[in-house]
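Here is how names work: the chains are called A, B, and so on, in the same order as the sequence lines, proteins then strands, and each is numbered from 1.
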Number of protein chains: 2
Amino acid sequence: MDAGREELAGYDPRDYDPVAVTVDVVALTIRGGALHVLLVRRGHPPYTGMWALPGGFVHAVRDAEDLPAAAVRELAEETGLSAGDGALHRVHLEQLGTYGAPGRDPRMRVISVAYLAFAPALPDPRAGGDVSDAAWTPVREVPELAFDHSRILADALERARGKLEYTPLATAFCAAEFTIPDLRAVYETVWGEELHAGNFHRKVLSVPGFVVDTGRTAGPGGRRGGPRPRLYRAGGAALLHPALLRPGREEPPPGP
Amino acid sequence: MDAGREELAGYDPRDYDPVAVTVDVVALTIRGGALHVLLVRRGHPPYTGMWALPGGFVHAVRDAEDLPAAAVRELAEETGLSAGDGALHRVHLEQLGTYGAPGRDPRMRVISVAYLAFAPALPDPRAGGDVSDAAWTPVREVPELAFDHSRILADALERARGKLEYTPLATAFCAAEFTIPDLRAVYETVWGEELHAGNFHRKVLSVPGFVVDTGRTAGPGGRRGGPRPRLYRAGGAALLHPALLRPGREEPPPGP
DNA sequence: CCAATAGTGTCTCTTAGACATTATCAT
DNA sequence: ATGATAATGTCTAAGAGACACTATTGG
């Protein structure tokens, strides 16, 4: 598409109000069998001392950056991993939604574009910059967050739960090579439900392009016995057909 | 959530760059068996004379409005319907995504929050304001659009096709009361595929909360014979269980 | 009458899920 | 040996889809 660059005569800057745009990242990972989210403790007003999602203003004019680039930058700053690093390269990033209610930031009108990141187990973050602390926090222990970040986190969790059903993104929580039980643990952790091991195994292998067999088996890990499970890599499928529908969703009573 | 209003000392306005935020609306409706989108012809630079999605700057400071409110306002301005009107009340509106690549607007850095609207058949729009023309356009005849609006429209269509599968939003394209063949026509139009009438009928009625029988039948309409179909209203379900999966989706060849 | 369409019945194939079974490993 | 777990097999119920059939309307 070529930008028809007409003259800017007749263009009135007062047609619009200037707004600050931030990017916030909901970075999810699995540690020790529990779903964790990356949080930072704010070192400046507003909400000083409260926990919040990592994020910051988009570099809009000088060194103008795209929105996904801003999200990667924020994630890299908070985790201490460099953007070109291999660890960050395996992170799945997608836009979650945009939050712009008036008054959500007491300073001024701020529109926040939220991103959702699925990451394999990453090292502990390091504090620095304008945050006094940063930590992977179990989602079940997350306190009330600054701004409307509690709502953003809730939306992110719901999105993540749904994404596991019809996309292969559960593999984004695993290392490059993983076993079917590893994958099952991801589903059980995110959905908060136990899955039948045998049925899960057969179903995953029946979905074309979900996982590919490496031919090798896992070494003796922290398991308590049993045969060595086979190692798989993520397949090339972008969508799961048929989907792995999560159980226990009874039909809700008809609303208004 | 209570906003902890610390003092604003130490707050440096240069921490952020001012950005203009717009809201663009992809309004879809069905007219004469074809899917239509509401387009406007631009009356001002940039892209003067080109077709574009209806949209405009968010009122951010004076009369600060929420993002969905801005979308409703733009839709009302372009369709000539008042926001409190009953016709607009039946329109389904949801956030589609946010587009903020540098250079997408040649004037300055603009972030656009795109909304997707599903509407029943609405009257023809009226031109006015800063648009020289406005029209419902069949999506198969849409020309190249201004800015990145062609991409936004493509994303909207893909979202709409998916939404029909697992939500009852096809009813948002129908009048308040509709027949099962009406509903089937919506699916066939949006998906671009013919569906088996008998199987579709049975499936729709088998999903709890999708439609409710009014007990009445349609009057003699533009049909070419056959029994009077029954009239239904939209049910209370928010999700379809089981979903109406669209046919013809063979497993794609595994990508990279 | 005839063509078109609404709505229902029937059959087959696939899949989900409950459960059983066998094989392999750590302790 | 014993217990835990990977992986596979079996059975049943439910849903998708192909197809046939009846009933009811407009022309």
Side-chain angles (χ1 to χ4, degrees), chain A residues 33 164-166 174 177-188 191 193-208 210-232 239-251, chain B residues 33 164-166 174 177-188 191 193-208 210-232 239-251:
Chain A
L164 291 203
E165 290 190 315
Y166 54 94
C174 298
E177 298 194 340
F178 52 87
T179 69
I180 302 291
D182 289 341
L183 196 62
R184 177 165 48 89
V186 171
Y187 278 89
E188 290 178 336
W191 285 351
E193 303 187 63
E194 296 222 333
L195 301 178
H196 188 285
N199 289 338
F200 180 86
H201 189 107
R202 178 162 23 84
K203 180 129 184 51
V204 166
L205 295 186
S206 77
V207 177
F210 194 1
V211 297
V212 256
D213 198 333
T214 65
R216 286 173 293 109
T217 60
R223 284 169 295 108
R224 282 174 290 183
R228 307 277 178 85
R230 276 204 273 274
L231 282 172
Y232 295 85
L239 268 352
L240 300 184
H241 286 291
L244 278 94
L245 298 178
R246 67 211 246 213
R249 276 218 240 151
E250 298 312 312
E251 52 259 29
Chain B
L164 291 203
E165 291 189 315
Y166 54 93
C174 299
E177 298 194 340
F178 53 87
T179 69
I180 302 290
D182 289 341
L183 195 62
R184 177 164 49 88
V186 171
Y187 277 89
E188 290 178 335
W191 285 350
E193 303 186 64
E194 296 223 332
L195 300 178
H196 187 284
N199 289 339
F200 180 85
H201 189 106
R202 180 161 22 84
K203 180 129 185 53
V204 166
L205 296 186
S206 77
V207 178
F210 194 0
V211 297
V212 271
D213 197 334
T214 65
R216 286 172 295 109
T217 60
R223 283 170 295 108
R224 284 174 292 185
R228 308 278 178 84
R230 276 204 274 275
L231 283 171
Y232 294 85
L239 268 351
L240 301 184
H241 285 293
L244 278 93
L245 298 178
R246 67 210 244 215
R249 276 216 241 151
E250 299 312 311
E251 52 259 29

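- At least one side-chain nitrogen or oxygen of A:His201 sits closer than 4.0 Å to the OP1 or OP2 atom of D:dA7.
- To the nearest angstrom, P of C:dT14 lies 19 Å from CG of A:Leu245.
- Across the protein-nucleic acid pair, B:Phe200 atom CZ and C:dT5 atom P stand 16 Å apart, rounded to whole Å.
- Separating the CG atom of A:Leu205 from the P atom of D:dA6 is a distance of 13 Å, rounded to the nearest angstrom.
- Between the CG atom of B:Leu240 and the C1' atom of D:dA16 there is a distance of 16 Å, given to the nearest Å.
- Here the closest non-hydrogen pair linking A:Leu195 and A:Phe200 is CD1-CD1, 3.9 Å.
- Checking D:dA6, C:dA26, C:dT15 against the side-chain heavy atoms of A:Pro227 singles out D:dA6 as nearest.
- In this structure, CG in A:Leu183 is found 11.0 Å from NE2 in A:His201, a value given to the nearest 0.5 Å.
- For A:Phe178 and A:Tyr232, the ring centers sit 6.0 Å or farther from each other.
- Between A:Gly225 and B:Arg228, the residue whose closest nucleotide on DNA chain D is further toward the 5' end is A:Gly225.
- As rounded to whole Å, 18 Å separates atom P of C:dT14 from atom NE2 of A:His241.
- Although no hydrogens or angles enter the test, the distance criterion places no donor-acceptor pair under 3.5 Å between the side chain of B:Tyr166 and the main chain of B:Leu239.
- Atom CG in A:Asn199 sits roughly 12 Å away from atom C1' in D:dA7 (whole-Å rounding).
- The CZ-C1' distance, from B:Arg230 to D:dA23, rounds to 12 Å in whole Å.
- Nucleic acid contact for A:Arg202: base, since at least one base atom lies under 4.0 Å from a heavy atom of the residue.
- A:Thr217 contributes no side-chain N or O that, together with a main-chain N or O of A:Arg228, makes up a donor-acceptor pair within less than 3.5 Å.
- Along DNA chain D, the nucleotide nearest A:His196 and the nucleotide nearest A:Gly226 are compared for position; the residue whose nucleotide lies closer to the 5' end is A:Gly226.
- If you take CD of A:Glu194 and C1' of C:dG17, they are 16 Å apart, rounded to a whole angstrom.
- For A:Lys203 and C:dA16, the shortest distance from a side-chain N or O to OP1 or OP2 is below 4.0 Å.
- Between A:Arg224 and the phosphate of C:dA26, there is no side-chain N or O to OP1/OP2 separation shorter than 4.0 Å.
- B:Ala243 comes within 4.0 angstrom of sugar-phosphate atoms only, judged by non-hydrogen atoms across all strands, and of no base.
- For B:Pro247, the listed nucleotide lying nearest its side chain is D:dG17; candidates were D:dA23, D:dT5, D:dG17.
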